[in-house]
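Note that the structure is predicted; figures quoted are calculated from it, not measured. Because only heavy atoms are used, hydrogens play no part in the values below, and waters and symmetry mates are left out as well, while side chains stay in. Throughout, protein chains are lettered first and strands after them, A, B, ... in sequence-line order, and every chain is numbered starting at 1.
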Number of protein chains: 2
Amino acid sequence: MIDQIHHGDCLDILSQIPNGTVNLVYLDPPFFTQKKQTLKSRKLVTYEFDDKWDSMADYIAYLKLRLIAIKEVMADNATVFVHCDRNASHYIRVMLDEVFGYDRFLSEIIWAYRRWSNSRKNLLPAHQTIYMYSKSDRYTFNTIYTDYSASTNVDQILQRRERNKHGKTVYATDDDNNVILNGPKKGVPLSDTWDIPYLNPKAKERTGYPTQKPLLLLERIIQLSSNPDNIVLDPFCGSGTTCVAATLLNRRYIGIDTSHDAVELSRARIGNPIRSDSSLLKKGRASYENLPDEVQSILNTLPVKPVQRNSGIDAIHDRFVDGRPIVIRVQRDGERLEDGANHLKQAGEKKNAILMILIRRHQDVQQTTFFNLIPPEVTVIDSIDGIIDDIIESHLHTES
Amino acid sequence: MIDQIHHGDCLDILSQIPNGTVNLVYLDPPFFTQKKQTLKSRKLVTYEFDDKWDSMADYIAYLKLRLIAIKEVMADNATVFVHCDRNASHYIRVMLDEVFGYDRFLSEIIWAYRRWSNSRKNLLPAHQTIYMYSKSDRYTFNTIYTDYSASTNVDQILQRRERNKHGKTVYATDDDNNVILNGPKKGVPLSDTWDIPYLNPKAKERTGYPTQKPLLLLERIIQLSSNPDNIVLDPFCGSGTTCVAATLLNRRYIGIDTSHDAVELSRARIGNPIRSDSSLLKKGRASYENLPDEVQSILNTLPVKPVQRNSGIDAIHDRFVDGRPIVIRVQRDGERLEDGANHLKQAGEKKNAILMILIRRHQDVQQTTFFNLIPPEVTVIDSIDGIIDDIIESHLHTES
DNA sequence: TATAGTATTGAATCCGAGC
DNA sequence: CGCTCGGATTCAATACTAT
């Protein structure tokens with residue numbers, strides 16, 4: 001059974017797993033989109049709550065049957081993570097209360113991400129929910145410490161890595177098989193709100209399977225609630241992310257899926273696990289935020305769109321002239337005015353800007369700026385801070 | 001009824017509100033902490049599921065009765081926001097489905113915040129949930145736009161895109177292969193996951209209202225789902241944050257609370273026109289909270305100390321001349337320059353200011369300002385925003 | 001009025017150019 | 001050759017349009 005992907009309904013496969021042997025269960029059940037559609041269309045016709053309940057009840061009954069079976073195979077120290085979205089999360093959790101008990105609820109994990117879309121009639125859905133329940137109060141829990149802000153430095157979240165005798169990269173453990181955490185500072189204990197980027201459409205990690213989850217999400221779950229050589233079960237394994245993560249973290253896995261294609265895909269992935277070389281994950285979100293505080297605070301006073309990924313332009317003004325943009329740059333600490341102006345000019349011309357505005361924050365230390373060094377395309381204006389300083393200075397001079 | 005805080009059970013007060021007149025409801029019902037604790041201790045001894053259900057059912061029945069009454073007073077375009085935490089959110093949402101209908105669900109808003117706590121054998125709870133339901137599908141919704149992600153590149157904001165013959169999305173070009181610009185964009189629609197700082201725990205202790213919510217949270221909700229002069233109802237208004245936010249945003253309010261102290265506190269907070277009840281606010285950065293956002297953001301760029309409780313002066317500059325202060329005021333929306341200048345002059349003279357600086361944010365609508373109306377003691381300088389607008393205008397004129 | 005097809009869009013990647 | 005910078009691309013969730 002172990003370290004295999006099984007094809008079939010998990011209800012059948014689960015009965016072949018010895019009771020009390022699984023240490024961690026993660027499940028990402030199907031959402032029954034068609035059913036919900038019919039539910040919706042039926043609702044639009046009848047608008048009767050009981051009708052909806054009937055349909056939702058079917059879905060919940062299907063899940064409940066499988067969760068009861070899952071509970072059987074769970075060890076005494078085991079934890080279960082149920083992944084759902086806003087459509088049915090509340091009914092799922094009521095059912096989980098029934099199966100595991102209200103007091104066995106541990107956490108409502110929010111997986112928050114940013115996503116593309118153009119929703120206009122509603123708030124953009126940008127999170128999914130993972131319910132965490134235990135079988136008993138003797139569950140495994142490894143506290144993970146994070147840096148102050150979420151997803152800034154994933155290396156600190158992850159454990160230390162080393163090479164084993166076969167040359168494979170594995171997570172380091174001490175003699176007692178306890179994980180070794182990375183770094184001397186423990187940091188802040190992980191909260192129940194996880195800012196993990198959505199698997200990007202361009203990511204190599206993508207397999208083409210629709211509901212594929214990021215490896216980091218599963219790695220975090222597995223680290224949190226299992227130890228090396230523990231058995232991790234995913235009864236709806238889909239593209240196999242859970243099993244890949246378990247392998248990478250030296251856990252053993254049992255994967256199950258009803259789709260033959262999913263089983264094939266999972267098997268292939270475990271043989272050749274590809275981890276996306278995501279610079280966002282590697283360097284953290286903060287590394288993309290290039291604008292210094294003093295620049296950002298000036299931009300905050302203006303009707304502009306800040307630009308982080310351009311070294312010459314800090315922002316684009318909300319007003320356009322003849323369809324052409326007005327680009328803005330704020331002088332940096334220690335930056336000579338002419339250097340800032342040339343940066344801005346180069347970048348602004350590429351974007352076909354109609355106006356390029358440089359906000360001067362300070363006088364050059366050596367007073368080397370001559371205005372003939374400033375390109376004529378660039379308009380220089382003073383920051384309020386600078387103007388006030390000038391007023392104070394001129395006041396001092398008139399007084400003396 | 002309107003613009004008042006009422007004392008009593010909302011079930012009674014609601015019956016006095018005419019049906020279909022309320023445009024927005026926010027409620028932050030009590031969590032029955034004692035009940036839950038007895039529930040929990042009882043559970044620890046008996047661990048009986050039915051016991052818990054009975055108790056939870058009482059709580060839900062209490063809420064359901066009130067939500068049915070709330071639905072009655074809601075206008076056709078109204079929206080309701082129900083604030084809850086992980087303890088009962090699922091049961092509350094099931095009940096909301098029953099009262100408003102599964103299809104009237106709009107969003108599950110996650111309010112995420114960071115806070116300190118000692119790590120137990122658990123993830124640190126750091127979010128609360130707000131369910132958003134409408135009465136009909138003709139609900140009011142004003143999209144709020146936010147900044148683009150730091151990882152977004154400029155070209156996407158600037159360039160027009162289209163689909164080529166293969167259905168791929170590509171950047172549009174004209175016949176000469178030059179890129180076509182897109183014109184101004186609005187930004188990213190607000191998502192359902194809100195990262196808003198929690199109130200200072202010390203402030204909680206002082207007020208004795210542990211559930212006090214940040215103003216920003218309520219302001220966002222009110223902006224999102226109501227228009228000026230609409231009626232905002234909070235049936236469990238506590239310290240009155242909802243009513244304060246409604247007042248600040250020119251909405252009308254109805255507040256209800258069973259606690260006499262809460263009603264008194266709410267009335268006091270609303271009676272104070274600006275957010276200056278220092279006993280309710282943390283010190284330091286929060287002192288900016290008395291000031292409108294547009295004033296606050298400008299002061300943030302300057303080396304100044306913000307001033308509270310002074311209608312003429314917004315801040316005092318860090319530099320002093322001959323031991324005398326330099327006082328600063330930022331022109332308000334819709335405020336005539338001469339009015340602002342006179343305010344500043346009066347207040348500044350009392351403080352023996354050596355310089356009084358008024359930052360002009362906009363031209364007077366009727367161009368009635370003559371500079372001889374500005375007191376000579378006051379120095380007027382333009383905000384960067386205004387200077388840029390002038391540059392754009394003069395550019396337009398030289399072109400034509 | 002229900003359904004199918006089309007347009008729009010932002011996040012974060014991949015990848016090429018330049019140093 | 002390895003790095004950084006920035007331009008191009010993918011794709012799912014929406015709204016919108018046509019049938």
Show which side-chain atoms of residues 305-313 of chain A pair as donor or acceptor with protein atoms under 3.5 Å away, not counting sequence neighbours.
{"unit_1": "K305(A)", "atom_1": "NZ", "unit_2": "D318(A)", "atom_2": "OD1", "d": "3.1"}
{"unit_1": "Q308(A)", "atom_1": "OE1", "unit_2": "N290(A)", "atom_2": "N", "d": "2.9"}
{"unit_1": "Q308(A)", "atom_1": "OE1", "unit_2": "L291(A)", "atom_2": "N", "d": "3.3"}
{"unit_1": "N310(A)", "atom_1": "OD1", "unit_2": "G312(A)", "atom_2": "N", "d": "2.8"}
{"unit_1": "N310(A)", "atom_1": "OD1", "unit_2": "I313(A)", "atom_2": "N", "d": "3.1"}

Checklist entry - For the side chain of D155(B), counting heavy atoms from C-beta on, which of dG7(D), dT13(C), dG10(C) is nearest? => result dG7(D)
Checklist outcome for this item: Residue set satisfying salt bridge (charged side-chain N to carboxylate O under 4.0 Å, His left out) with D314(A), at least two apart, ordered chain then number -> R332(A)
Checklist entry - Does a side-chain N or O from R160(B) land closer than 4.0 Å to OP1 or OP2 of dT9(C), or not? => result no
Checklist entry - Does dT9(C) have OP1 or OP2 sitting under 4.0 Å from an N or O in the side chain of K186(B)? => result no
Next on the checklist: Check the phosphate of dG10(C) against S151(B), side-chain N and O only, distance under 4.0 Å to OP1 or OP2. Yes or no?
Outcome noted: no
Item to check | Rounded interatomic separation in angstrom, taking OH from Y171(B) and P from dT10(D) | outcome: 12 Å
Next on the checklist: Need one value for Y113(A): base, sugar-phosphate or nothing, where a base atom within 4.0 Å counts as base even if backbone is also close, heavy atoms only.
Outcome noted: nothing
Checklist entry - Considering only dG7(D), dA12(C), dT9(C), which nucleotide approaches the side chain of R161(B) most closely? => result dT9(C)
Checklist entry - Using a cut-off of less than 4.0 Å, is there contact between a side-chain N or O of S149(B) and OP1 or OP2 of dG10(C)? => result no
Checklist entry - So H83(B) and W111(B), would you call those rings parallel, tilted or perpendicular, with 30° and 60° as cut-offs? => result perpendicular
Item to check | Under-4.0 Å side-chain N/O to phosphate OP1/OP2 contact, Y148(B) with dG10(C) | outcome: yes
Item to check | Candidates dG6(D), dT14(D), dA12(C) - which lies nearest the side chain of S311(A) | outcome: dG6(D)
Checklist outcome for this item: Side-chain contact check for V170(B): nearest option of dG10(C), dT9(D), dG6(D) is dT9(D)
Checklist entry - Given dG10(C), dG6(D), dT13(C), which nucleotide is nearest the side-chain atoms of N310(A)? => result dG6(D)
